[in-house]
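Chain A is the first sequence line, chain B the second, and so forth, proteins listed ahead of strands; every chain is numbered from 1. Note that the structure is a prediction, hence the values are computed from the model and not measured.
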There are 2 protein chains.
Amino acid sequence: MSAVKNSGKAVKDGKTSGFPPGRIRIADSLRLLLEKKDFGSITTAEIARTAGVTEALIYKYFKDKRDLLYQVLREYLEHYDARFELDVKGIKGALNKLRKVIWSHLNVYATDRVFAKILLVEVRSFPDYYNSEPYMLVKKYSNTLKSIIEEGVSNGEIRDDVSPSIIRQIILGALENICLTAVAFDRVMSPDELSESLCELLFSGIEKNSDADRKT
Amino acid sequence: MSAVKNSGKAVKDGKTSGFPPGRIRIADSLRLLLEKKDFGSITTAEIARTAGVTEALIYKYFKDKRDLLYQVLREYLEHYDARFELDVKGIKGALNKLRKVIWSHLNVYATDRVFAKILLVEVRSFPDYYNSEPYMLVKKYSNTLKSIIEEGVSNGEIRDDVSPSIIRQIILGALENICLTAVAFDRVMSPDELSESLCELLFSGIEKNSDADRKT
DNA sequence: ACAGAAAGGTGAATGTTACTAACCTGAATG
DNA sequence: CATTCAGGTTAGTAACATTCACCTTTCTGT
């Protein structure tokens, strides 16, 4: 009865075409339920009821419950990956690119809580996640980030005495930790202020230095 | 002769605990099993079998399976919290303290993988974790960290134009992200090298600065 | 001394839950 | 016009976490 409303919401820019209605409704239902509950306490019965289909249909389209989660995550990632590509285009300088990426990252997590929740808290405890399709997309994003850092090292913007991988881990760690607390406690976050603070700290460090010649 | 009620908390070897043998064996079993499997795929039957007790006994000492995990985590945290108190004692300067804390943090995660695994991947997906006893201990640790940062701001070691909370989040985020990948992929980590790189970056930033006055 | 409470532990159910096998139905396809 | 096939359903099942009733040993107050 309480079927999910199909149009309007979710990440479905044309990409949804090709999928049968049942599959769409199931994925939509999971997204909807994730707004209020954690994945672990959402039952297949609940998903099916919300979607207005039977439980068995879930297993026609998804290997198991986790596969459903992974595929929903994959759809999100594909959507946002496309956007990230464009984000960095036309920006000059590695630090400027980094700044933009950090802002976008925060902004996406701030706007799309379900996406943030899946990526930050739900999938992490499943060991097979690290072999999954969506994780490969995350890795791709992560590699793009590393390339930007390497570019910065090459042109002298970024220090060369610490490996780009560690720099990337710090950036991502900081980003995700900030978002994690926001997600866990349902706190609002302001991408503008946060990215400002974050970039300041990441770029110049926490040490109080004779650093008066800052402009941006 | 009345039994001496030992209020000591079991950690790892559990020998000094005043807990009944069954409880100790159950907690020990979970710790053992967590070395090879994730919490989600460890069954109560498995825990009981490993402990040499019946499944029902688990529920005499623990509210449910998750409570068992939380209590095991709490024992770890109480153990390490005591050590952490001493760690910072006698160190002068906020940045030096921070350096020490970072090293210890990395070192604990590097040596005690089960502890790291519980804290970094297992509990995060349970919403009630953030109201649990062990989380309060984490918060306490987190507050100590903030105090150190605030001390650094007061005495001019640390910049005062960004809030200590954000600084702390970056430090913890970086720390945990590094450890998370190590845990997820079962990679060894070297606390010495890592803390060196981490501190360098956190203190001085990633920007290549004409910063000739760095201490050797 | 001894009733009885408390502590430590067990064996056998029970209700949920994720997941599966077999079947139905209409519409393309050849 | 037989057949495949996509989309969907009905009716299970095994595994799992959790509970209930019960047993035995140790401690405690009077």
Query - Under the salt bridge (Lys or Arg N to Asp or Glu O under 4.0 Å) test, residues paired with A:Asp128 that sit two or more places apart - result: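 In terms of salt bridge (Lys or Arg N to Asp or Glu O under 4.0 Å), with neighbours along the sequence ignored, A:Asp128 is linked to A:Arg66.
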
Report task. Could you list the residues that satisfy salt bridge (Lys or Arg N to Asp or Glu O under 4.0 Å) with B:Asp81, not counting sequence neighbours? Result ->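 Partners of B:Asp81 by the salt bridge (Lys or Arg N to Asp or Glu O under 4.0 Å) criterion, ordered by chain and then number, come out as B:Lys140.
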
Report task. Please list, chain by chain and in numerical order, all residues satisfying ring pair (Phe, Tyr, Trp, His ring centres under 6.0 Å) with A:Phe84, sequence neighbours excluded. Result ->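 Only A:Tyr141 meet the ring pair (Phe, Tyr, Trp, His ring centres under 6.0 Å) criterion with A:Phe84.
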
Query raised in the report: Sequence neighbours excluded, which residues qualify as ring pair (Phe, Tyr, Trp, His ring centres under 6.0 Å) partners of A:Phe203?
Result: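 For A:Phe203, no residue satisfies ring pair (Phe, Tyr, Trp, His ring centres under 6.0 Å) once neighbours in sequence are set aside.
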
Nearest whole angstrom, please: distance from the [atom2] of [N] to the [atom1] of [X].
X: B:Leu57; N: C:dA7; atom1: CG; atom2: P; result: 14 Å
X: A:Leu69; N: C:dA18; atom1: CG; atom2: P; result: 13 Å
X: B:Phe126; N: D:dA17; atom1: CZ; atom2: P; result: 12 Å
X: B:Leu33; N: D:dC16; atom1: CG; atom2: P; result: 13 Å
X: B:Ile42; N: D:dC16; atom1: CD1; atom2: P; result: 12 Å
X: A:Phe39; N: C:dT17; atom1: CZ; atom2: P; result: 14 Å

Enumerate the protein-to-nucleotides 23-26 of chain D contacts in which both atoms are nitrogen or oxygen and the separation is below 3.5 Å.
none

Query - Test item: side-chain donor near acceptor, B:Arg99 and B:Ser195, under 3.5 Å - result: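 Distance-only check fails for B:Arg99 and B:Ser195.
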
Query raised in the report: Taking atom types as modelled, is there a side-chain donor on A:Asp38 or A:Ser41 under 3.5 Å from an acceptor on the other?
Result: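 Side chains of A:Asp38 and A:Ser41: pair found under 3.5 Å.
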
Pairs under 3.5 angstrom, nitrogen or oxygen only, protein versus nucleotides 18-21 of chain D, please.
from   : atom 1 : to      : atom 2 : distance (Å)
D:dT18 : OP2    : B:Tyr59 : OH     : 2.9
D:dT18 : OP2    : B:Lys65 : N      : 2.9

Requested in this report: Not counting sequence neighbours, list each pair that qualifies as a salt bridge (Lys or Arg N to Asp or Glu O under 4.0 Å) and has a residue in residues 176-196 of chain B.
Outcome: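 Output for this query lists B:Arg124-B:Glu176.
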
Query raised in the report: Pick the nucleotide of DNA chain D nearest each of B:Gly40 and A:Tyr61; which residue has the one closer to the 5' end?
Result: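 That would be A:Tyr61.
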
Query raised in the report: Which part of the nucleic acid, if any, lies within reach of B:Thr43 when heavy atoms closer than 4.0 Å are counted: base, sugar-phosphate only, or nothing?
Result: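 Here B:Thr43 touches the backbone only, sparing every base.
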
Report task. Under 4.0 Å between any heavy atoms, over every strand shown, what does B:Phe62 touch: base, sugar-phosphate, or nothing? Just pick one. Result ->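 Counting heavy atoms under 4.0 Å across all strands, no contact is made by B:Phe62.
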
Every protein N/O within reach of nucleotides 25-29 of chain C N/O, cut-off under 3.5 Å:
none

Query raised in the report: side chain to side chain contact (heavy atoms under 4.5 Å, CB included) with B:Ser197: which residues, sequence neighbours excluded?
Result: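 So B:Ser197 forms a side chain to side chain contact (heavy atoms under 4.5 Å, CB included) with A:Val162, A:Ile166.
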
**Report entry** Close approaches to DNA chain C from residues 45-53 of chain B, in residue order (heavy atom, under 4.0 Å)
**Finding:**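 The answer is B:Val53.
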
Which atom pairs, one a donor and one an acceptor, fall under 3.5 Å between side chains of residues 54-62 of chain A and the rest of the protein, sequence neighbours left out?
from    : atom 1 : to      : atom 2 : distance (Å)
A:Glu55 : OE2    : A:Thr44 : OG1    : 2.7

Query raised in the report: Parallel under 30°, tilted from 30 to 60°, perpendicular over 60°: which one fits the rings of A:Phe115 and A:Tyr109?
Result: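 Rings of A:Phe115 and A:Tyr109: tilted, 30 to 60°.
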
Query raised in the report: Above 12 or not: heavy atoms from other molecules or residues under 6.0 Å from NZ of A:Lys63?
Result: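 No, the 6.0 Å shell around NZ holds no more than 12 heavy atoms from other groups.
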
List the atom pairs, donor and acceptor, that lie under 3.5 Å between side-chain atoms in residues 88-98 of chain A and the rest of the protein, sequence neighbours left out.
from    : atom 1 : to       : atom 2 : distance (Å)
A:Asn96 : ND2    : A:Lys92  : O      : 3.0
A:Lys97 : NZ     : A:Glu151 : OE1    : 3.0
A:Lys97 : NZ     : A:Glu151 : OE2    : 3.4

Query raised in the report: Between the side chain of A:Lys117 and the main-chain N/O of A:Leu34, is any donor-acceptor distance below 3.5 Å?
Result: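 Yes; at least one donor-acceptor contact below 3.5 Å.
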
**Report entry** Candidate list B:Leu32, B:Leu33, B:Val53, test side chain to side chain contact (heavy atoms under 4.5 Å, CB included), partner B:Ile47, passing option
**Finding:**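 The passing option is B:Leu33.
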
